[in-house]
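Inspection log for the structure reproduced underneath, given as structure tokens.
A, B, ... follow the sequence lines: proteins, then strands. Residue 1 opens every chain. Quantities reported herein were computed from a predicted structural model and do not represent experimental measurements.
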Protein chains: 2
Amino acid sequence: MAALTPAAADSDKRYAAATMAEPKPSTKDRIMDAAIETLKADGITGTSARAIAGRGDFNQALIFYHFGSVNNLLIQAALRNSKSQVERYGREAQGISSLADLVGLARRLHGDDLQEGSVAVVTQMMAGAANDPDMAEAMLDAFQRWIQVVEDGLGDALEGSPLAAMLPKREAAYAISAMFLGIQLMTRLDPDRSEADSLFDMMDNMASMFEGLFPALDG
Amino acid sequence: MAALTPAAADSDKRYAAATMAEPKPSTKDRIMDAAIETLKADGITGTSARAIAGRGDFNQALIFYHFGSVNNLLIQAALRNSKSQVERYGREAQGISSLADLVGLARRLHGDDLQEGSVAVVTQMMAGAANDPDMAEAMLDAFQRWIQVVEDGLGDALEGSPLAAMLPKREAAYAISAMFLGIQLMTRLDPDRSEADSLFDMMDNMASMFEGLFPALDG
DNA sequence: GTCTATACAGAGATAGAC
DNA sequence: GTCTATCTCTGTATAGAC
């Protein structure tokens, strides 16, 4: 589960540099980091060039020099993050061998993500995507990667079960991804954020039920 | 909170007047209508007092006179719409008697809603809710009404089935609502908007399967 | 590649005439 | 209750010095 460094940074470049002594982030990466942080903290309406530059402590004009526009910066930052997210999720999904495992993983990722705020960023970008086709395309791209991870995990979870033949994996993965997204969004609105817990409990029970009804043929 | 001005004539009055000859909307209602339309068309980032006023063809200052701030206008408009939505959804959900019915209804509502754009508004408001607690509260309120409708529909669909005893309805309703929301959001990103169809097909099959496994005891 | 300075459009909001 | 006019702030974006 462990990343290479605790500083587990996001961009490809930083991963490449993570083995070296000083993974000093490039300016572009610093700007993208600040953009994501601003999105998390202030939402899409508060994410201006000035706000981003203030948070990252660099000059506002750098955004336009490096990315041309604020929206393009957000798109690039989202794509960068989504790729590293999918890598991480994919790694986490290794070794899944049952639906119960899958639910357990989802529960844990939900908790982590609620802390970290990746889906909060998604919400903000999705809102921004409404009047920016390029941003919509980037979000769609991100979702498709995500669904693929779920589909793979589902394949592992159902291997050897008769359910594997009955369940269209692509559609199921789409449904699960949609649900996960929806749960995150709703949970974020709730100040005490408790309802999702019992939901995952329910899914645990459902998973047990399914696996009781359709026991795996092999391991 | 109370209606100090006579024009506090809320949407309720307008709906009540719908049976009369001329249901001429109040100014407040016209402003709220324009706000919703602007949210659909231009997203939260494009929804300014000027944009709303331009779309509804009234003076910008009226927004501040009647609602105090743009954000408060959005909150009031969202609450008004969510209430009427829930009424409508509740009506549609009457007469559900099976899971297949429920899926059918969901499919139809998905289609309608994709046209009409209610969930598009939700997306935008949710993004706005990130840095406005009042807006978050309003959205949470709206979601809870929605979940209640689903819970009721689920109760009707499972009446007489052994599933009714096995499935915690509140949690299931929460999960279904979350999934519906997620599907809407994802679908909106996709230019050709096709993936949801096969998803509803899958849910149809799942519903049949469930109802084959757990046949209703009575009608 | 980074900074300062600045242009200019659009934002929210209010005052005061009508 | 509605309008015009205006204040002030913040937004994106660019020019040009370093």
Side-chain angles (χ1 to χ4, degrees), chain A residues 11 13 17 24-35 37-39 41-77 124-125 127-135, chain B residues 2-11 13-14 24-35 38-39 41-77 124-125 127-135:
Chain A
S11 95
K13 257 184 208 157
K24 179 160 165 261
S26 70
T27 301
K28 286 187 76 162
D29 274 311
R30 281 180 53 222
I31 295 174
M32 288 193 274
D33 289 341
E37 288 310 307
T38 309
L39 223 36
D42 303 331
I44 188 86
T45 58
T47 298
S48 64
R50 288 202 224 275
I52 296 167
R55 189 169 289 271
D57 199 41
F58 48 79
N59 193 284
Q60 184 240 144
L62 285 180
I63 289 172
F64 300 97
Y65 175 78
H66 285 292
F67 295 94
S69 73
V70 174
N71 261 19
N72 187 49
L73 160 59
L74 296 182
I75 290 169
Q76 301 307 323
Q124 300 301 322
M125 295 282 299
N131 46 1
D132 182 339
D134 290 343
M135 201 176 276
Chain B
L4 294 178
T5 61
D10 294 313
S11 50
K13 245 181 218 166
R14 178 188 162 205
K24 180 160 166 264
S26 70
T27 302
K28 286 188 77 164
D29 274 311
R30 280 181 54 221
I31 295 174
M32 288 194 273
D33 290 342
T38 309
L39 223 36
D42 304 330
I44 187 88
T45 57
T47 297
S48 63
R50 285 166 153 86
I52 296 168
R55 189 169 289 271
D57 199 40
F58 48 78
N59 193 283
Q60 184 240 146
L62 285 179
I63 289 172
F64 300 97
Y65 175 77
H66 285 290
F67 295 94
S69 73
V70 174
N71 262 18
N72 187 49
L73 161 59
L74 297 182
I75 290 169
Q76 302 306 323
Q124 300 302 320
M125 296 281 300
N131 46 1
D132 181 339
D134 291 342
M135 201 176 277

### Summary
Scanning both residues in full, the closest heavy-atom pair of L39(A) with M125(A) reads CD2-SD, 3.8 Å

#### Entry: Distance, rounded to the nearest Å, where D57(A) contributes CG and dT2(C) contributes P
13 Å

#### Entry: Residue pair T38(B) / G46(B): nearest heavy atoms and the distance that separates them
CG2-O, 4.2 Å

### Q124(B) side chain vs I44(B) backbone, donor-acceptor pair below 3.5 Å
yes

### Message
Generate the contact string for nucleotides 11-18 of chain D. Rules: B means base contact, S means sugar-phosphate contact only, - means no protein heavy atom under 4.0 Å.
### Response
BBBB----

### Summary
Between the CZ atom in R50(B) and the CG atom in N59(B), the distance rounded to the nearest 0.5 Å is 10.5 Å

### Query
Can you check the I63(B) CD1 to dC3(D) P distance for me, whole Å?
12 Å

Show which side-chain atoms of residues 62-76 of chain A pair as donor or acceptor with protein atoms under 3.5 Å away, not counting sequence neighbours.
residue	atom	partner	partner atom	Å
S69(A)	OG	N72(A)	N	3.1
N71(A)	ND2	D132(A)	OD2	2.6
N72(A)	OD1	Q76(A)	NE2	3.1
N72(A)	ND2	F67(A)	O	2.8

### Query
Could you give the CG-to-P distance, from N59(B) to dT6(D), as a whole number of Å?
14 Å

### Query
At their closest point, which heavy atom of R55(A) faces which heavy atom of A34(A), and how far apart are they?
CD-O, 4.0 Å

### Task
Measure the distance from NZ on K24(B) to P on dG1(D) and round it to the nearest whole Å.
13 Å

### Task
For D132(B) and dG12(C), give me the distance from atom CG to atom C1', rounded to whole Å.
14 Å

### Query
Between dG1(D) atom C1' and I31(B) atom CD1, what is the distance in whole Å?
10 Å

### Query
What bend angle does the helix from dG1(C)-dC18(D) to dC18(C)-dG1(D) show across its length, from five-pair end axes and to the nearest 10 degrees?
0°

### Task
Would you indicate, yes or no, if dG1(C) has its OP1 or OP2 atom less than 4.0 angstrom from a side-chain nitrogen or oxygen of T27(A)?
no

